[in-house]
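Working notes, structure below.
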Amino acid sequence: MKIAVCEGDGIGREVIPVAKKVLMHFLPDADYSDIFLGYEKWEKEGCACTEDDISAMKGSDAILFGAVTTPPDPDYKSILLKIRHELDLYANLRPVRGGSFDIMVVRENTEGLYSGIEELGDERSTTLRVVTRKGSERIARKACELSADRGFRKPLVIGNKANVLKSDILFRDTCIKTADACGVLYKTMFIDALTLDVLMHPERYDVIVTTNMFGDILSDACGYLTGGLGMLPSANIGEKYAFFEPVHGSAPDIAGKGIANPVAAIRSAAMMLEHFGMKREAEIIEECILRSIISGVCTPDLGGSAGTGEFGDRIFECILKRES
Ligand code: NAI
Ligand code: MG
């Protein structure tokens, strides 16, 4: 099995080594390769992500990714968008879990407002929001599958803004048709009211499917429920490739201080294990994360005083104990 690891920039370099150590513990025989990309590469080489980097990702069974800084250049195109397009990672799965809730935000990852069709002008700038039937159908099918895997605990929620956006009429109606065809109970909600209600009553939700930018914002907002961005993992899944990364970015404000929370990265590694069918191992990791936090060994964002390494070590020691 081949696993590509890209730390990226900023705190990606601090949290990914911790997550990689956990991954290597459970998959000691996998073939690991490191890919260097991001802002620093752009500064040094004039290109943040080369075709070779993309080929290296395509040659892997899964990719663990940190975060990249977006260079201050209006001509620069996000490399994450490039990677998501090139690998056709159409489903961005963002779980949000807490004591009384377990939500899965299923975000369409290749079109919508992030289609990359835009123009920057001095007086007028435009971004085209593209929604296709094919794109909506496949993300809706993925959400229906997840809803079934999770035991149809609650109706599938279709987050949209079809009252204002024509493109969301196609999205909403395609999701409804797909849910009907799959025999999945659903309800539709407008994304703004939905976001508030998820924060107020997270226990009412299970799987939420929505378009690209709405899913981006909704999942970051859900960080409020779990102790911040340092806690949220994600998986980017396509027909062929699988890419795992924390929801957070490179956090330049704390990079280099050794205080970044490694949980989002470790949970992303756990999602990779689950993707490979290693559900029990993922559960052990989750249990050890919670134990470490309860014991008070955690980073400042969670109210503790441990550094990234100490927090990671505590989680790792717990894993070793649980395993023996
Ligand atoms: P960010 O997620 O990097 O940081 C937002 C806030 O959350 C900051 O105060 C940061 O210190 C805190 N934070 C984030 N992760 C944390 C962690 N693990 N532990 C403790 N605190 C944490 O988002 P921001 O500031 O909007 O973007 C910074 C850079 O990252 C930008 O260049 C942006 O383009 C990029 N970015 C990259 C992403 C990716 O590669 N997937 C995703 C989001 C942003
Ligand atoms: Mg985001």
Side-chain angles (χ1 to χ4, degrees), residues 4-20 22 35-43 48-49 53 57 63-85 87 89 92-94 96 105 107 109-110 113-114 116 212-213 215-236 243-271 289 292-293 297-312 315:
V5 178
C6 319
E7 294 179 357
D9 299 308
I11 62 167
R13 305 236 188 94
E14 299 166 43
V15 297
I16 291 300
V18 178
K20 187 180 173 185
V22 172
I35 301 179
F36 171 58
L37 48 71
Y39 180 40
E40 201 187 301
K41 176 165 172 148
W42 180 78
E43 281 186 313
C49 176
D53 297 331
M57 288 185 210
I63 301 136
L64 179 66
F65 187 90
V68 286
T69 300
T70 304
D73 178 342
D75 291 333
Y76 175 87
K77 285 212 170 191
S78 160
I79 65 169
L80 264 177
L81 295 192
K82 179 183 161 93
I83 292 169
R84 286 172 185 160
H85 278 278
L87 306 190
L89 302 168
N92 190 338
L93 313 183
R94 297 184 158 189
V96 187
V105 177
R107 162 189 172 193
N109 215 20
T110 54
L113 209 52
Y114 297 174
N212 205 337
M213 191 185 70
D216 192 7
I217 298 173
L218 175 65
S219 50
D220 271 33
C222 284
Y224 174 72
L225 299 168
T226 65
L229 276 175
M231 302 296 281
L232 298 174
S234 78
N236 295 266
F243 180 103
F244 302 83
E245 58 163 346
V247 167
H248 64 72
S250 58
D253 55 339
I254 59 163
K257 294 189 178 156
I259 55 165
N261 183 346
V263 169
I266 297 172
R267 281 182 168 159
S268 300
M271 286 185 86
I289 289 169
S292 182
I293 295 170
V297 178
C298 53
T299 40
D301 56 311
L302 299 177
S305 59
T308 309
E310 193 191 337
F311 190 13
I315 295 167

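Atoms within a ligand are numbered from 1 in the order they appear, just like the ligands themselves.
- Within the 4.5 Å cutoff, no side-chain heavy atoms of Phe244 are placed close to those of Ser234.
- Contacts of Asn261 with ligand 1, taken as heavy-atom pairs under 4.0 Å, involve both backbone and side chain.
- Of the candidates Thr299, Ile259, Leu302, Val68, Val68 brings a heavy atom nearest to atom 40 (O) of ligand 1.
- For a threshold of 3.5 Å applied to N or O pairs, the pair formed by Glu245 and ligand 1 contains at least one separation below that value.
- Glu14 and Lys20 are not joined by a salt bridge, as no carboxylate oxygen comes within less than 4.0 angstrom of a charged side-chain nitrogen.
- Below 3.5 Å of separation, one finds an N or O of Gly249 facing an N or O of ligand 1.
- A donor-acceptor distance shorter than 3.5 angstrom exists from the side chain of Asp9 to the backbone of Thr69, with no hydrogens or angles considered.
- Contacts between Thr70 and ligand 1 below 4.0 angstrom, taking non-hydrogen atoms only, involve backbone and side chain alike.
- Close approach to Ala260 involves these atoms of ligand 1, each under 4.0 Å from a residue heavy atom: 19 (N).
- Less than 4.0 angstrom separates some heavy atom of Leu80 from each of these atoms of ligand 1: 39 (C), 40 (O), 41 (N).
- Here Pro262 has no heavy atoms under 4.0 Å from ligand 1, in either its backbone or its side chain.
- At least one side-chain heavy atom of Ile293 sits less than 4.5 Å from a side-chain heavy atom of Met231.
- Looking at Asn109 and Tyr114, their side chains never bring a donor and an acceptor atom within 3.5 Å of each other.
- Val263 is not listed as a side-chain neighbour of Val15, based on a closest heavy-atom distance of 4.5 Å or more.
- Here the shortest heavy-atom distance to atom 30 (O) of ligand 1, taken over Ser234, Ser250, Gly12, belongs to Ser250.
- For ligand 1, the polar-atom distance check against Val247 finds no nitrogen or oxygen pair separated by under 3.5 Å.
- For Ala264, the heavy-atom gap to ligand 1 stays at 4.0 angstrom or more.
- One distance of note links OG of Ser268 with CD1 of Ile63; it measures 13.0 Å at 0.5 Å rounding.
- Under a 4.0 Å N-O distance rule, the pair Glu245/Arg94 does not qualify as a salt bridge.
- Atom numbering of ligand 1 starts at 1 in the shown order; those under 4.0 Å from a heavy atom of Gly230 are 17 (C), 18 (N).
- Atoms of ligand 1 lying under 4.0 Å from at least one heavy atom of Ile11, given by number and element, are 15 (N), 16 (C), 17 (C), 18 (N).
- Every atom of ligand 1 with a heavy atom of Leu229 under 4.0 Å away is listed here by number and element: 2 (O), 5 (C), 7 (O).
- At least one donor-acceptor pair under 3.5 Å links the side chain of Thr308 to the backbone N or O of Ala260.
- A salt bridge links Asp53 and Lys41; the closest N-O separation between the charged side-chain nitrogens and carboxylate oxygens is under 4.0 Å.
- Look at Val15 and you'll find every heavy atom at least 4.0 Å from all atoms of ligand 1.
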